K.L.:
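Below: one structure in structure tokens.
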Amino acid sequence: MENILFVASESTPFIKTGGLGDVIGSLPQALKQEQMEVRVILPMYDEISAEWKEKMEYVTSFDVPFGWRNQDAEVYTLKHNQVIYYFVANDYYFTRKGIYGYYDDGERFVYFSHAVMEFLNQGLFKPDILHAHDWQAAIAVVLANILKPINDMKTVPKLQY
């Protein structure tokens, strides 16, 4: 059985702007039917409804080394349709109206990818495959490739996107 972590910027039913959200909302469930352990990690946007946020449970928090400073991250989880979802919360980057279209979108999603790597370092889930979706998550694959030889991280997954 493969352990797969989907890294994405949106997913139904939590938040979506288009087809990416639909894919991330349905593909993990289809893979679960094939006996794969699939989990999804997303940003915790302000736009996610209170109904979903009330069901989430706190998992952990950590600092994310990011450029010349550290940014905080809190991770929450929720199981929906047999898939475990993680949500990375950071007020500076994700407490805004809408999810795209900001002058610093590149920085926001690079931060998200760094936060995903720090989450993996926590050892709470060890994926065999890191499955990144669209440009917002692609940096996670690059970071995993860079960090693996530096840290000799046995937990860094195969690289796919």
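What you are looking at is a predicted structure, and each value in this text was computed from that prediction instead of being measured.
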K.L.:
Any heavy-atom pair between the side chains of Phe62 and Val75 that's under 4.5 Å?
P.N.:
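Side chain of Val75 against side chain of Phe62, heavy atoms only: contact under 4.5 Å found.
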K.L.:
Does any part of the side chain of Glu57, heavy atoms only, come nearer than 4.5 Å to the side chain of Tyr76, both counted from C-beta?
P.N.:
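SC-SC contact between Tyr76 and Glu57 ruled out.
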K.L.:
I'd like to check the salt bridge (Lys or Arg N to Asp or Glu O under 4.0 Å) partners of Asp72; sequence neighbours left out, ordered by chain and number.
P.N.:
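Counting only residues at least two positions away or on another chain, Asp72 forms no salt bridge (Lys or Arg N to Asp or Glu O under 4.0 Å).
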K.L.:
Whether the side chain of Asp128 engages the backbone of Asn3 through a donor-acceptor N/O pair (distance < 3.5 Å, no angle test) should be reported.
P.N.:
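A pair under 3.5 Å: yes.
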K.L.:
Determine the minimum heavy-atom distance between Ile48 and Lys53, stating which atoms define it.
P.N.:
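That would be O-CE, 3.2 Å.
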K.L.:
For Ala137 and Val7, work out which heavy atoms get closest and say how close.
P.N.:
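Smallest interatomic distance, heavy atoms only, reads CB-O, 3.2 Å.
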K.L.:
Please list, chain by chain and in numerical order, all residues satisfying salt bridge (Lys or Arg N to Asp or Glu O under 4.0 Å) with Asp134, sequence neighbours excluded.
P.N.:
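Residues passing salt bridge (Lys or Arg N to Asp or Glu O under 4.0 Å) with Asp134: none at all.
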K.L.:
Applying side chain to side chain contact (heavy atoms under 4.5 Å, CB included), can you list everything that pairs with Ser61, at least two apart in sequence or on another chain?
P.N.:
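Only Tyr58, Glu74 meet the side chain to side chain contact (heavy atoms under 4.5 Å, CB included) criterion with Ser61.
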K.L.:
Any idea which heavy atoms bring Trp135 and Gly106 closest together, and the distance?
P.N.:
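The pair with the smallest heavy-atom distance is CZ3-CA, 4.3 Å.
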K.L.:
Return the set of residues passing side-chain hydrogen bond (donor to acceptor under 3.5 Å, both in side chains) with Tyr103 (not counting sequence neighbours), or none when no residue passes.
P.N.:
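If we apply the side-chain hydrogen bond (donor to acceptor under 3.5 Å, both in side chains) test to Tyr103, skipping adjacent residues, there are no hits.
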K.L.:
With sequence neighbours excluded, what pairs up with Asn81 under the side-chain hydrogen bond (donor to acceptor under 3.5 Å, both in side chains) test?
P.N.:
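In terms of side-chain hydrogen bond (donor to acceptor under 3.5 Å, both in side chains), with neighbours along the sequence ignored, Asn81 is linked to no residue.
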K.L.:
What residues, two or more places apart in sequence or in another chain, satisfy side-chain hydrogen bond (donor to acceptor under 3.5 Å, both in side chains) together with Arg39?
P.N.:
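Per chain and number, Arg39 pairs via side-chain hydrogen bond (donor to acceptor under 3.5 Å, both in side chains) with Glu37, Tyr86.
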K.L.:
Minimum heavy-atom separation for Pro43 to Ala8, with atom names?
P.N.:
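In terms of heavy atoms, the two residues are closest at CD-O, 3.4 Å.
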K.L.:
Rounded to the nearest 0.5 Å, what's the gap from CG on Leu20 to CD on Glu10? Could you check?
P.N.:
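Reported to 0.5 Å precision, the distance equals 4.5 Å.
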K.L.:
Output all residues satisfying side chain to side chain contact (heavy atoms under 4.5 Å, CB included) with Glu107, sequence neighbours left out; order by chain, then residue number.
P.N.:
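Phe66, Arg69, Tyr92, Tyr93, Asp104.
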K.L.:
Using every non-hydrogen atom in the two residues, find where Tyr111 and Ala89 come nearest and quote the distance to one decimal.
P.N.:
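Taking Tyr111 first and Ala89 second, the nearest heavy atoms are OH-O, 4.3 Å.
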K.L.:
I'd like to check the salt bridge (Lys or Arg N to Asp or Glu O under 4.0 Å) partners of Asp63; sequence neighbours left out, ordered by chain and number.
P.N.:
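Partners of Asp63 under the salt bridge (Lys or Arg N to Asp or Glu O under 4.0 Å) test: none.
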K.L.:
For Leu31, which residues count as a side chain to side chain contact (heavy atoms under 4.5 Å, CB included) partner, sequence neighbours excluded?
P.N.:
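With neighbours one apart ignored, the set is Ile4, Phe6, Leu27, Met36, Val38.
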K.L.:
Output yes when a side-chain donor or acceptor of Arg108 lies under 3.5 Å from a complementary backbone atom of Gln136, and no otherwise.
P.N.:
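No.
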K.L.:
Checking the side chain of Gln29 only, and the main-chain atoms of Gly25 only, is there a donor and an acceptor separated by less than 3.5 Å?
P.N.:
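Flag set: sc Gln29 to bb Gly25 pair under 3.5 Å.
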K.L.:
Leu124, Met56: one ILVMFWY side-chain cluster at the under-4.5 Å cut-off?
P.N.:
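As far as the 4.5 Å side-chain criterion goes, Met56 and Leu124 are connected within one cluster.
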K.L.:
Go through the structure and list residues passing ring-ring contact (aromatic ring centres under 6.0 Å, His included) with His80, not counting sequence neighbours.
P.N.:
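So His80 forms a ring-ring contact (aromatic ring centres under 6.0 Å, His included) with Phe14, Trp52.
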K.L.:
So, for Ala115 and Val88, which heavy atoms are closest and what is the spacing to 0.1 Å?
P.N.:
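Looking at all heavy atoms of both residues, the shortest contact is CB-CG1, 3.8 Å.
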K.L.:
Can you name the residues that form a side chain to side chain contact (heavy atoms under 4.5 Å, CB included) with Glu34, not counting sequence neighbours?
P.N.:
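Partners of Glu34 under the side chain to side chain contact (heavy atoms under 4.5 Å, CB included) test: none.
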K.L.:
Taking side-chain hydrogen bond (donor to acceptor under 3.5 Å, both in side chains) as the test, write out the residues that go with Tyr45, two or more places apart.
P.N.:
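In terms of side-chain hydrogen bond (donor to acceptor under 3.5 Å, both in side chains), with neighbours along the sequence ignored, Tyr45 is linked to no residue.
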